[in-house]
2 protein chains.
Amino acid sequence: MKISRESMVGTRKFNEEKVLDIAVDVFSRKGFIATTMLDLAEETGVQRGSLYNAYKNKNVLFLKAFSHYTNNFLTLIEGELQNSDAKKAFTQLLNTVVERLCSDKEVRGCFSTRAIMEAAQKCPDIQLCLTRFLDGLEVIMKNRLEQAIKDKQFGGNAQSTARYLVALTRGIAVIERVYNDKSRMTEVYQTALEYMPFNKVT
Amino acid sequence: MKISRESMVGTRKFNEEKVLDIAVDVFSRKGFIATTMLDLAEETGVQRGSLYNAYKNKNVLFLKAFSHYTNNFLTLIEGELQNSDAKKAFTQLLNTVVERLCSDKEVRGCFSTRAIMEAAQKCPDIQLCLTRFLDGLEVIMKNRLEQAIKDKQFGGNAQSTARYLVALTRGIAVIERVYNDKSRMTEVYQTALEYMPFNKVT
DNA sequence: GTCATCTTTGACATACTTGTCAAGGATAAT
DNA sequence: ATTATCCTTGACAAGTATGTCAAAGATGAC
């Protein structure tokens, strides 16, 4: 009979929550390929051997870190869309995305977009969780757009617009890498929002 | 006195044009980091030592390959925008971009977008040429949009719309990596075009 | 034909990364 | 206190990539 980990005797010393937070940060800064287990060991303070023991390899560790990141991010996104004015809701969402991409002390890229470009095709398991992540993003935006249509605040197609917005946010993450310029990223999403068929709230 | 390379005695054996074409292909498929000099040597048929002799290192070889790619690509883009109907012109452009991303026998990514995500921040020289490339793309689109405005075919701002479109094409390249689905990419650019303030030709 | 000069080739040293393992350490359960 | 079990630690082996170099090869200029 299998015993739950919590009741086992040789207990893990490190704080997994912290480790995954740091892993997300390292992967965001260095990218998936360039990040080594040694990097992760040094930055988390956990021995490389312990990481191998706990996660088997970089792929698995990445997947754990990714799911950690995803949960936080999608919850955040959903929260940003709460505004009852649809255009304001999406403005706030995109503004938050841009802020997150730029606010860090060090220059770092978008965790998911970097992973997509480096690992999606190479590792089926990673591609799957990336697909799920973008699908999740799309659903959240689609739902908000459907609400906006009901509220007569939006005059487009919810599904295709959500897909379009997912792509646009990825594009903004790419732009960040090249220009490293928040105002340019803001300009991009403002232009997009301006063109979208939002209606004034009556 | 410096003698031009063409008149020198120990002449290069390999066809640089071909090598750079292949290099672009390899970098597109494997990404910048994952591509090794050995990969390039094997796929081009040129000895690794010869590549080091000719290009010093991977960065330099990449820069050469990139400029090779850029010249072709920007010329192509400009050509696609020739249609006198602005909306049709941009439709054709985006369609070509999508076709290029999907048409290859093997699954490969967008050369420039992969490089942006992997190398932009790490290598100033590579970042510079990537910046120039996106700037070039932007200018070409901006010029066409200004023409469209003169022709009363477009009712937006040329500069910011061009920037927006550059970001959008990057986003489409990211989507390609995850979903590998041409119809999704098409859906994205069609949605974008539909929302842009084009006017019917009178 | 000879020479000067560059290219090609294969070998080499170095460095880095991965993944594994055995020995020792820590602790919940009894 | 003992035990069973897992974790930690440092060392090790194997694989991979880089960059350099000397010797050999090729060719335009003379």
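Below, chains carry the letters A, B, ... as their sequence lines are ordered, and counting in each starts from 1. The structure presented is a predicted model; accordingly, all values stated were derived computationally and were not measured.
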Apply the side-chain contact (heavy atoms from CB on, under 4.5 Å) test between A:F111 and each candidate in A:F66, A:F73, A:F32; give the one that qualifies.
->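 Going through A:F66, A:F73, A:F32 one by one, the side-chain contact (heavy atoms from CB on, under 4.5 Å) with A:F111 is satisfied by A:F66 alone.
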
side-chain contact (heavy atoms from CB on, under 4.5 Å), paired with B:I77, selected from B:V97, B:T169, B:T96 |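 With B:I77 as partner, side-chain contact (heavy atoms from CB on, under 4.5 Å) holds for just one option, B:V97.
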
Between [options], which nucleotide gets closest to the side-chain atoms of [X]?
X: B:F14; options: C:dT8, D:dT8, C:dT18; result: C:dT8
X: B:R12; options: C:dT18, C:dA26, C:dT7; result: C:dT7
X: A:T36; options: D:dA17, C:dT17, D:dT20; result: C:dT17
X: A:N57; options: D:dC7, D:dA26, C:dG19; result: C:dG19
X: A:K13; options: C:dA26, C:dT20, D:dT20; result: C:dA26

d([atom1], [X]; [atom2], [N]) in whole Å:
X: A:Y52; N: D:dG10; atom1: OH; atom2: P; answer: 17 Å
X: A:K56; N: C:dT20; atom1: NZ; atom2: C1'; answer: 13 Å
X: B:Y55; N: C:dT8; atom1: OH; atom2: C1'; answer: 14 Å
X: A:R48; N: D:dC12; atom1: CZ; atom2: C1'; answer: 11 Å
X: B:M37; N: C:dT9; atom1: CE; atom2: C1'; answer: 15 Å
X: B:I33; N: D:dT18; atom1: CD1; atom2: P; answer: 12 Å
X: B:N53; N: D:dT18; atom1: CG; atom2: P; answer: 17 Å
X: A:L51; N: D:dC6; atom1: CG; atom2: P; answer: 19 Å

Which sits closer to the 5' end of DNA chain D, A:V46 or B:L38, going by the nucleotide each is nearest to?
->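 That would be A:V46.
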
Is A:Q47 near enough to D:dG10 that one of its side-chain N or O atoms lies under 4.0 angstrom from OP1 or OP2?
->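 The answer is yes; a side-chain N or O of A:Q47 sits under 4.0 Å from OP1 or OP2.
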
Verify the distance criterion only: is there a donor paired with an acceptor across the side chains of B:Y189 and B:N95 at less than 3.5 Å?
->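 Yes, B:N95 and B:Y189 have a side-chain donor paired with an acceptor closer than 3.5 Å.
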
Exercise: do A:R170 and A:S112 side chains pair donor with acceptor under 3.5 Å |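 A:R170 vs A:S112: donor-acceptor pair found between side chains.
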
Decide, yes or no, whether a salt bridge links B:R184 with A:E138 under the criterion of side-chain N to carboxylate O below 4.0 Å.
->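 Salt bridge present between B:R184 and A:E138.
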
Under 4.0 Å between any heavy atoms, over every strand shown, what does A:S50 touch: base, sugar-phosphate, or nothing? Just pick one.
->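 Base: the residue A:S50, judged by heavy atoms under 4.0 Å, touches a nucleobase.
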
Taking the nucleotide of DNA chain C with the closest heavy atom to each, which residue, A:G49 or A:T35, is nearer the 5' end?
->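 Between the two, 5'-proximity favours A:T35.
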
